[in-house]
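What's counted below: heavy atoms across the whole structure, side chains too, no hydrogens, waters or symmetry copies. What you are looking at is a predicted structure, and each value in this text was computed from that prediction instead of being measured.
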Amino acid sequence: MVGKELVVRKNGPVDIREIAAKATLREVRQNGHTYVELRRVGKRVIFFCTICLTECFSDTVLFDHLKGNLHSRRYAEAKVTLFGPMPWPFNDGVLFFNNSREKDPLLLDSSSQNTRELALVPANDTEVTSRLRDDSSSRNGAKGTRRGANAHGNGRTASVSEDHVLSNQSGTDGPLVIPSVLLKDVVSDLPVHLLGYGNIAYRLWEASKGSKKISKIWCAWVGQDGSDGLDECDTYEQSDFAIVNFSYTIELGRKWSSDDQDLPISAGSFFVIDDAGHRGKRRKKSFSDQEASSEESNEQSSSAHDNSQAIITGSPTGTSHNLQVGLLSTKSMRRELRKQKRLAAEKACDICGRPMLLEKDVATLLNCKTGNLACSSRNSSGAFHLFHTSCLVHWTILCQYEMLADKIASKGKSNRGRKAKNAPKKITSILCPECQGTGIHVEGDELEKPTISLSEMFRYKLKAIEAHKAWMKSPEVLENCSTGLHFPAEQIENSEEQEVIPLKSVAFYAADG
């Protein structure tokens, strides 16, 4: 007779408040508030409204917020652009809130080890077969030189034709492969698949004297069919740059080891992030959750009491005293290491200054003509910068706006006259907002050099943030879900609005995994 094995399953401690929070979240989402999520702040589980970017430390605070004037106003603004039959397929924690791919409603803190694996192809073992690369096939060999020479293009010559590397991706099977991508200290080739397209269009204001200004510019999500309801949807030109989406992990895009100290914010960032992920000032403790607050205060007082005992000298028994000091030192060291790792994991988006959270959607730029990530021309290690997906969409729109506005302003003007010596450099191409890389081909150690000062880049980022706030208050009403920028100052008095003018179609890819 074969004996039966008794399997004993060891479960961790049950958090009643976490279970109750998940039940509340399920009820709230069933009532249509799909933009509400759970987040962990320290040892507490809180609710977070993505539309309002508001933290609610209890269910009572959440219900009061959902009934408040601020939420009603923000919801009315977001309903015009973010709700629809085909929503944006992203969840970045700052604007997009599609939770269809959510495995666990509780977003763990940054020290969690529950990270997602990406399907990487070792660069040395497998030949890159992506049609993104200039030398991917013999039939494209003759066009490789022309594309490489215009890799830094400003987007004005792009068109949906066979000259563009990505023009016929629907005709082949299998994923595209991006070469030389850094993940977990390994440079590999990253397979990605097409998610869909976003069509960029704009609206002009024209005065009686012939002057023109762009009042609004936006990107509408159209999926893979490429239609956004416009009669001229077939006139969109393919953008020279695409957006590659990832699920954020600690090791993504940079080197990481357990011995690292907390990483500093990039030299190009003017934002300071505190422990809570806020800019400028440290977040005050909230006492809406009295039980959690009392636990935290008790823990702090206990820690202070232990530390006061640790510095007592002259103990008659040196052995017990040394043991106590050793235990406290080890506990303090572990606490400090956890804090450093959390701060390093909560890398801030260089555009908006808010932290990027684990498992949330982040993105980087891809040069479609060279097949390289935009940051690849600024370093040789395969590292790349990440941003909230919505922030990168807004930055891409802003770059298109700056190039288009400069083109409109230069029409009819003579090139005569001396140019100002200290005139600020203008954006002439979509580029990484942190390192200004464009993904052009570089030879040897000759890396691409930035052309715009840090102060000017900071102004551009602020311009994108303020223009998006204005867009939320006065968006363009479209059939598809959209996000964009609005420039009220560019509206000319006694002028007439022109019809919507299509501009570019931006491809969105997702990393396989």
Side-chain angles (χ1 to χ4, degrees), residues 120 123 128 130-136 140 143-158 163-166 176-183 185-190 192 238-246 252-255 266-269 349-351 362-387 391-392 395-396 398-400 402-403 425-454 456-457 460-461 504 506-507 509 511:
L120 291 171
V128 179
S130 171
R131 287 168 295 102
L132 288 171
R133 301 187 65 179
D134 291 343
D135 54 353
S136 58
N140 290 333
K143 300 175 184 177
T145 304
R146 182 168 65 243
R147 286 195 297 263
N150 196 28
H152 196 91
N154 55 17
R156 301 173 184 171
T157 59
D163 285 340
H164 201 282
V165 183
L166 293 179
L176 303 176
V177 180
I178 303 175
S180 303
V181 176
L182 176 66
L183 183 68
D185 294 333
V186 177
V187 178
S188 306
D189 298 325
L190 177 65
V192 296
Q238 190 72 29
S239 174
D240 291 344
F241 287 83
I243 293 178
V244 182
N245 194 75
F246 299 87
L252 191 62
R254 59 177 177 174
K255 293 186 178 181
S266 69
S269 175
C349 172
D350 198 65
I351 299 174
V362 293
T364 192
L365 287 171
L366 170 69
N367 187 319
C368 298
K369 290 195 170 185
T370 63
N372 299 322
L373 295 181
C375 302
S376 65
S377 56
R378 294 281 288 128
N379 74 91
S380 56
S381 62
F384 55 95
H385 294 112
L386 294 164
F387 313 89
C391 292
L392 192 58
W395 175 258
T396 303
L398 179 71
C399 291
Q400 293 285 3
E402 293 294 334
M403 292 185 291
K425 295 288 186 179
K426 298 180 180 180
I427 292 179
T428 58
S429 168
I430 296 177
L431 72 169
C432 172
E434 190 160 354
C435 68
Q436 300 187 38
T438 60
I440 61 174
H441 285 306
V442 293
E443 297 180 0
D445 298 332
E446 193 73 22
L447 300 179
E448 185 179 14
K449 296 180 181 179
T451 58
I452 305 174
S453 67
L454 294 180
E456 286 297 324
M457 290 295 292
Y460 282 129
K461 293 168 190 175
K504 298 286 184 180
V506 179
Y509 293 91

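At a threshold of 4.5 Å between non-hydrogen side-chain atoms, the residues Lys461 and Pro433 count as touching. A 4.5 Å side-chain heavy-atom check between Asp240 and Cys368 finds every atom pair outside the cut-off. At a threshold of 4.5 Å between non-hydrogen side-chain atoms, the residues Ile243 and Tyr509 do not count as touching. In this structure the side chain of Phe241 reaches within 4.5 angstrom of the side chain of Thr438, judged on heavy atoms. Leu190 has its side chain out of reach of Val177: every pair of non-hydrogen atoms, C-beta onward, lies at least 4.5 Å apart. Between Pro450 and Arg378, the closest side-chain pair of non-hydrogen atoms falls below 4.5 Å. Within the 4.5 Å cutoff, no side-chain heavy atoms of Thr370 are placed close to those of Ser377.
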Take Lys504 and Gln400 through the test side-chain contact (heavy atoms from CB on, under 4.5 Å) and record every step on the way to the result.
-> CA-CA 9 Å; Lys504 298 286 184 180; Gln400 293 285 3; 3.6 Å; yes
Would Asn245 and Thr364 count as a side-chain contact (heavy atoms from CB on, under 4.5 Å) if you check the C-alpha gap in whole Å, the side-chain angles of each, and the deciding distance to 0.1 Å?
-> CA-CA 7 Å; Asn245 194 75; Thr364 192; over 6 Å; no
Given the rule in the side-chain contact (heavy atoms from CB on, under 4.5 Å) test, do Ile351 and Glu434 qualify, once you have shown the distances and angles that lead to the verdict?
-> CA-CA 8 Å; Ile351 299 174; Glu434 190 160 354; over 6 Å; no
Check the pair Ser453 / Lys425 against side-chain contact (heavy atoms from CB on, under 4.5 Å), numbers first and verdict last.
-> CA-CA 8 Å; Ser453 67; Lys425 295 288 186 179; over 6 Å; no
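Panel note: side chain Gln436, backbone Ile452; a donor-acceptor pair is recorded below 3.5 Å. When atom types are taken as modelled, the side chain of Trp395 and the backbone of Leu431 share a donor-acceptor pair closer than 3.5 angstrom. For the pair Asp189 (side chain) and Ser180 (backbone), a donor-acceptor distance under 3.5 Å is present.
One distance of note links OG of Ser239 with NZ of Lys369; it measures 10.0 Å at 0.5 Å rounding. In this structure, the separation between OG on Ser376 and CD1 on Ile178 is 10.0 Å, given to the nearest 0.5 Å. To the nearest 0.5 angstrom, Leu398 atom CG is 12.5 Å from Cys391 atom SG. Put simply, CG on Asn379 and SG on Cys435 are 7.5 Å apart, with the number rounded to the nearest 0.5 Å. Within the model, atoms CD of Glu456 and OG1 of Thr451 stand 11.0 Å from one another, a figure rounded to the nearest 0.5 Å. Considering CG of Asn367 and SG of Cys432, their distance stands at 12.5 Å, rounded to 0.5 Å.
Closest approach of Cys399 to Ile430, counting heavy atoms only: CB-CG1, 3.9 Å. In terms of heavy atoms, Tyr460 sits closest to Glu402 at CE2-CD, 3.7 Å. A pairwise comparison of heavy atoms in Ser429 and Ile427 identifies O-CG2, 3.2 Å as the closest pair. Closest approach of Gly439 and Glu448 over heavy atoms only: N-OE1, 4.1 Å.
If you run side-chain contact (heavy atoms from CB on, under 4.5 Å) between Val244 and each of Leu386, Leu366, Leu392, Leu176, only Leu366 comes through.
The ring of Phe246 has its center closer than 6.0 angstrom to the ring center of Phe384.
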